[in-house]
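In this chain, residues are counted from 1 in sequence order.
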Amino acid sequence: MSDAHPIRSRRPGLSAGALIIAGVVLVAIGAVGAWLQRDDPGRSAEPRTEFTATNPPAGLPTALTTGQHLHWSRCTSPPSARTGYDCAVMKTPLDYRKPEGRTIDVALIRRKATGPNARRIGSLVLNFGGPGVSGVRGLPDRLNQYKPLLDRYDLVSFDPRGVGATIPVRCGKTADDTGYDGADACAEHSGALLPYIGTSHTARDLELMRYLLGDERLHYFGVSYGTALGAVYAHLYPSHVGRLVLEAPVDPTEDLSEEQVSQVKAVQAAFDRFAAHCAARIRHCPTGDGPEEAARRMARLADRLEKKPAPAGGGRNLDADELAHSVSDHLVLGTDGWSPLAKALTALIDHNDGGPLSNGAADMGSADRAATPPDSSPVARTAITCADSSLRPDFEGLDRDEARVKAASPVFGAAWSSGVYLCYDWPFDGERVTPQVNADGAAPVLVVGGKGDPITPYPGARTMARALGDGVGVLLTAEEEGHGTYPQNRCVTEAVNRYLRTGRTPATGTVCRGTMS
């Protein structure tokens with residue numbers, strides 16, 4: 001999935017320089033500790049019944065399945081999780097090909113269901129995208145988004161491999177440094193872990209998690225990169241698929257290079273729609289009289305910033321690459337980001353003030369649509385992406401790919417083009433060119449795509465639904481701007497919640513009207 005440019009995208013093109021600039025917020029390894037049982041306000045007074053599954057994952061030692069129990073206790077970190085949440089650690093094999101070998105600890109967090117036992121369905125496991133987003137930090141931040149489901153589900157999330165408190169990847173100058181000092185530093189400090197942090201390994205962790213949570217089938221809600229994780233799980237364990245929602249899905253048939261081109265085209269299209277709106281509806285529009293004039297003005301602005309970056313506050317500067325990245329952050333927010341984007345561009349053009357543009361999207365506080373969640377690790381994102389992708393072009397191929405990305409977008413192409421170098425010198429081979437997601441025989445999986453998504457373009461939603469298999473992938477379309485449509489679009493929210501509560505999918509071809517209607 002753990003989202004719009006080399007640092008901030010769902011599967012970004014991270015240049016070494018961008019990674020050095022990016023801050024990595026990792027959860028401390030001691031993120032899970034003792035929990036004192038407390039009833040939440042509004043929780044049913046009925047004694048809680050714990051569920052027990054009867055179908056442990058095949059091929060694992062009993063010490064990890066029937067012999068392992070999750071000991072939920074008080075969360076000590078992050079501070080937002082100290083009240084109302086439980087934390088636990090799940091032991092899994094580092095290498096599933098050697099299940100009797102070394103184990104790792106996967107950090108989990110849970111918000112217990114508030115409804116009566118008779119209505120409780122089980123656990124709903126959440127992945128917020130990235131890759132590289134911490135679920136332990138993310139669940140408290142995003143609780144309101146999923147709170148209506150608490151009457152039927154325990155809400156559960158986790159730190160995937162390489163992220164936060166689960167074998168975090170280190171690529172800095174020292175083993176304790178959370179920065180990025182190149183692929184060689186990753187190999188030096190995390191080389192023993194890097195071959196085992198890809199999506200297929202995390203999908204196998206989900207299978208063990210399902211069993212230990214007491215569910216016969218996995219109920220799951222994945223966003224952006226989280227759709228890749230959910231789809232890989234469905235491929236590996238089709239008979240254990242419960243109710244799976246894949247929202248803002250990736251295109252499982254595109255390799256890393258093709259994905260860069262598709263994404264930058266989608267960001268450009270979103271910017272063109274903003275520019276048309278700005279010209280028609282915003283007085284003194286900073287991008288001029290439409291998309292063509294907007295592209296020319298942005299080119300002149302990028303040239304100016306390339307020569308002399310604009311101050312952005314806090315000792316930071318906004319250069320040409322950061323201009324493109326910050327504009328895309330506003331586009332991720334859909335039409336909510338358009339007015340602030342116009343004001344921020346005006347401040348930059350007229351007053352050389354880069355602060356409103358650089359900080360604006362994050363300051364709007366839209367956690368469920370933030371392009372760069374504060375709990376996202378760009379180092380982990382790189383490591384997971386390169387563990388997944390076996391694409392390693394030579395220099396001739398890199399030059400060709402870079403030219404394709406630049407040509408795909410006059411506003412964003414140059415900034416995105418560094419993404420083609422993401423894995424070229426990675427010290428380990430990746431698993432596949434594209435993931436396997438066909439899940440013949442699985443229960444219906446709900447795939448939700450927005451037509452104006454600038455990060456995971458809508459055609460990828462159609463492809464994901466088809467790739468899951470006949471009778472498995474069910475596509476729900478939203479005519480919405482922005483990355484993700486749940487819970488922003490009421491129609492989508494009602495359809496998703498109905499599916500998660502009853503198992504009933506929307507009718508084939510259902511389209512939810514929205515900001516693009």
Answer yes when [X] and [Y] have at least one side-chain N-carboxylate O distance shorter than 4.0 Å, and no when they do not.
X      : Y      : value
Glu100 : Lys98  : no
Lys91  : Asp105 : yes
Asp205 : Arg210 : no
Asp154 : Lys112 : no

Can the positive tip of Arg120 be found less than 6.0 Å from the middle of the six-membered ring of Phe51, inside 45° of the ring normal? yes

Between Tyr220 and Arg243, is there a cation-pi geometry (under 6.0 Å to ring centre, at most 45° from the normal)? no

Decide yes or no on side chain to side chain donor-acceptor pair (under 3.5 Å) for Ser134 and Asp159, but give the supporting numbers first. CA-CA 5 Å; Ser134 164; Asp159 284 355; 2.6 Å; yes

Shortest non-hydrogen contact between [X] and [Y], atoms and distance:
X      : Y      : value
His330 : Leu357 : CE1-O, 3.5 Å
Pro506 : Ala495 : CG-CB, 4.0 Å
Leu194 : Ala383 : CD2-CB, 4.0 Å
Pro249 : Thr227 : CA-OG1, 3.3 Å
Gln68  : Leu208 : NE2-CD2, 4.2 Å
Lys451 : Met516 : C-SD, 3.9 Å

Give me the ring orientation class for Tyr237 and Tyr233: parallel if the planes are under 30° apart, tilted from 30 to 60°, perpendicular past 60°. tilted

Please verify the inter-ring angle class for Tyr196 with His201; under 30° counts as parallel, over 60° as perpendicular, anything in between as tilted. perpendicular

Please examine the side chains of Arg316 and Asn359, heavy atoms only from C-beta on, and report whether any two atoms are closer than 4.5 Å. yes

Distance-only donor-acceptor check, side chains Asp151 and Thr114, under 3.5 Å: no

Is Thr166 reaching over with its side chain to a backbone N or O of Ala107, donor-acceptor style, under 3.5 angstrom? yes

Judged by atom type as modelled, is there a donor-acceptor pair below 3.5 Å linking the side chain of Thr103 to the main-chain atoms of Thr92? no

Under the criterion side chain to side chain contact (heavy atoms under 4.5 Å, CB included), I'd like the reasoning laid out for Trp72 against Leu108: C-alpha separation, chi angles, the key distance, then a yes or no. CA-CA 9 Å; Trp72 295 101; Leu108 309 179; 3.9 Å; yes

